[in-house]
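Here's the structure we're looking at; comments come further down.
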There are 2 protein chains.
Amino acid sequence: MEAENLKEILFYSLEKSIKTYRQFAQRQLVENGFNITIDQWLVLKALSDGPHQTQHQIAELVFKDYASVTRIIELLVEKQYLVRTIHANDRRRFNLTLTENAVRLLEAMQPVIEKNRSTALKGINEQHASQFQHILNLIINNCQS
Amino acid sequence: MEAENLKEILFYSLEKSIKTYRQFAQRQLVENGFNITIDQWLVLKALSDGPHQTQHQIAELVFKDYASVTRIIELLVEKQYLVRTIHANDRRRFNLTLTENAVRLLEAMQPVIEKNRSTALKGINEQHASQFQHILNLIINNCQS
DNA sequence: CAAATATAATTGATATATCAATATTATTCA
DNA sequence: TGAATAATATTGATATATCAATTATATTTG
């Protein structure tokens with residue numbers, strides 16, 4: 001009974017924490033004048049860190065559906081943060097290149113992103129954080145096997 | 001540098017864990033022949049636990065937008081798991097009543113739901129779970145203030 | 001080489017998230 | 001009481017998640 005209740009609360013809190021963090025982070029972006037969603041930022045950041053990835057690889061990296069990545073990239077092209085050109089050797093693929101605009105945007109956003117993380121983790125030391133991390137990884141592994 | 005990286009990984013894992021769990025849990029429902037989403041289940045469960053709630057209260061309880069709850073309830077009415085009638089004293093509200101079908105469904109689902117949680121938490125003892133819970137609550141509070 | 005298979009990406013349909021605007025009914029208070 | 005305000009819920013628009021089907025191109029293999 002007790003344990004069952006604990007498990008309920010655990011996933012309840014897990015869901016609540018990530019939602020609360022996302023809402024908080026998105027609100028901070030808006031308040032700092034950035035007109036971009038967290039998910040769009042994730043894709044830009046992934047491309048900034050590893051420029052020559054396929055959309056498939058990006059999707060894996062950010063845990064998104066391929067369809068979602070396609071649509072997010074469409075929006076980023078519209079917003080002139082990305083340029084798509086056909087890949088020279090493989091005509092199924094695209095080269096995705098960040099525009100100057102995007103590079104500047106990422107730089108400008110970085111301090112806000114870091115502040116968001118610090119705020120969210122206030123009062124949590126490194127030892128607790130790595131304990132926490134460990135349990136997250138256990139859950140991930142348990143759900144993948 | 002080290003700490004910054006840890007923070008990155010932490011939210012990354014947090015996002016990955018809840019997504020992985022949700023996908024796992026939803027897949028188990030499908031495999032067991034239940035034609036209902038996790039979110040629809042959440043709303044049914046909330047109503048089962050507390051029958052006389054407004055849609056507003058349900059939304060708060062399950063961390064959903066009011067608009068989302070409206071639409072989820074529409075679907076549950078279509079699927080004949082809920083009946084909506086106008087509230088006697090307050091014509092802005094609705095009474096939401098679970099059908100027999102829904103009661104049976106919830107009962108039939110319960111073992112699967114509990115198994116999902118146990119599987120996901122395999123190898124995590126109560127002490128670690130409550131440590132984990134504590135950190136989740138810290139994050140939630142940090143993002144709400 | 002040609003057919004079969006695999007890979008990369010898109011598209012359509014449905015569900016949910018979020019924000020803003022709106023409609024309806026209740027409550028408050030001047 | 002009547003006007004202002006609050007509460008309850010819906011609707012529309014846009015973004016994302018998920019699944020299934022499709023298109024186009026590459027690669028493998030008989």
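Because the structure is predicted, anything quoted here is derived from the model rather than measured. Residue numbers begin at 1 in each chain, while the letters A, B, ... track the order of the sequences.
Within a 6.0 Å sphere centred on CD of B/Gln144, heavy atoms belonging to other residues, nucleotides or ligands number more than 12. With a 6.0 Å radius and a threshold of 12 heavy atoms from other residues, nucleotides or ligands, A/Asn125 has its CG atom above the threshold. Other residues, nucleotides and ligands contribute at most 12 non-hydrogen atoms within 6.0 Å of the NE2 atom of B/His134.
Taking both residues in full, the closest heavy atoms of B/Asn32 and B/Gln28 are given as ND2-O, 2.7 Å, listed atom of the first, atom of the second, then distance. When every heavy atom of A/Ala120 is checked against every heavy atom of B/Phe11, the shortest pair comes out as CB-CZ, 3.6 Å. When all heavy atoms of B/Ile86 and B/Asn95 are compared, the pair lying nearest together is O-ND2, 3.3 Å.
Under a 4.0 Å N-O distance rule, the pair B/Arg22/B/Asp39 qualifies as a salt bridge.
Atom CG of B/Leu75 and atom C1' of C/dA17 are 14 Å apart (whole Å). As a whole-Å value, the separation of A/Leu76 CG from C/dA9 P is 15 Å. Rounding to whole angstrom units, CD1 of residue B/Ile58 and P of D/dA7 are separated by 18 Å. In this structure, A/Ile72 atom CD1 and D/dT18 atom P are separated by 11 Å, rounded to whole Å. Note: CD1 (B/Ile18) to P (C/dT16) measures 16 Å, nearest angstrom. Here D/dT18 presents its C1' atom at 9 Å from CD of B/Gln26, a figure rounded to the nearest Å. When rounded to the nearest whole Å, the span between CZ of A/Arg22 and P of C/dT18 equals 9 Å. Computed from coordinates, the B/Ile86 CD1 to D/dA7 P distance equals 21 Å when rounded to whole Å.
Of the residues near DNA chain C, A/Glu74 and B/Lys79, the one whose nearest nucleotide (by heavy atom distance) lies more toward the 5' end is A/Glu74.
With rounding to the nearest 0.5 Å, the separation of CD1 in A/Ile73 from CD1 in A/Ile58 is 5.0 Å.
Using a 4.0 Å heavy-atom criterion, one finds that A/Ser68 contacts the bases of the nucleic acid, with or without backbone contacts as well. Contact annotation for A/Arg84: backbone-only contact, meaning every heavy-atom pair under 4.0 Å involves sugar-phosphate atoms and none involves a base. Nucleic acid contact for A/Gln40: sugar-phosphate only, since backbone atoms but no base atoms lie under 4.0 Å from a heavy atom of the residue. Within 4.0 Å (heavy atoms only), B/Gln57 reaches no atom of the nucleic acid at all.
Residues A/Val103 and A/Leu82 are members of one and the same hydrophobic cluster, defined by side-chain heavy-atom contacts under 4.5 angstrom among Ile, Leu, Val, Met, Phe, Trp and Tyr.
Checking D/dA9, C/dT16, C/dT11 against every side-chain atom of B/His56, the shortest atom distance belongs to D/dA9. With D/dT10, C/dT16, C/dT10 as the choices, the nucleotide that has an atom nearest any side-chain atom of B/Gln55 turns out to be D/dT10.
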Review point. For every nucleotide of nucleotides 21-26 of chain D, 5' to 3': is a protein heavy atom under 4.0 Å from its base (B), only from its sugar-phosphate (S), or from neither (-)?
Key: ---BBS

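A heavy atom closer than 4.0 Å to some atom of DNA chain C occurs in no member of residues 59-66 of chain A.
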Between the protein and nucleotides 1-3 of chain C, which nitrogen or oxygen pairs come in under 3.5 angstrom?
none

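When B/Arg84, B/Lys64, B/Arg93 are each tested for a side-chain contact (heavy atoms from CB on, under 4.5 Å) with B/Gln55, only one passes: B/Arg84.
Taking 4.0 angstrom as the limit, B/Thr70 places a side-chain polar atom (N or O) nearer than this to OP1 or OP2 of D/dT10. Of the side-chain N and O atoms in B/Thr37, one or more sit less than 4.0 angstrom from OP1 or OP2 of C/dT16. Taking only side-chain nitrogens and oxygens, A/Gln23 comes nearer than 4.0 Å to OP1 or OP2 of C/dT18.
Applying the 3.5 Å distance criterion, the base of D/dT18 shares a donor-acceptor pair with the side chain of A/Arg71.
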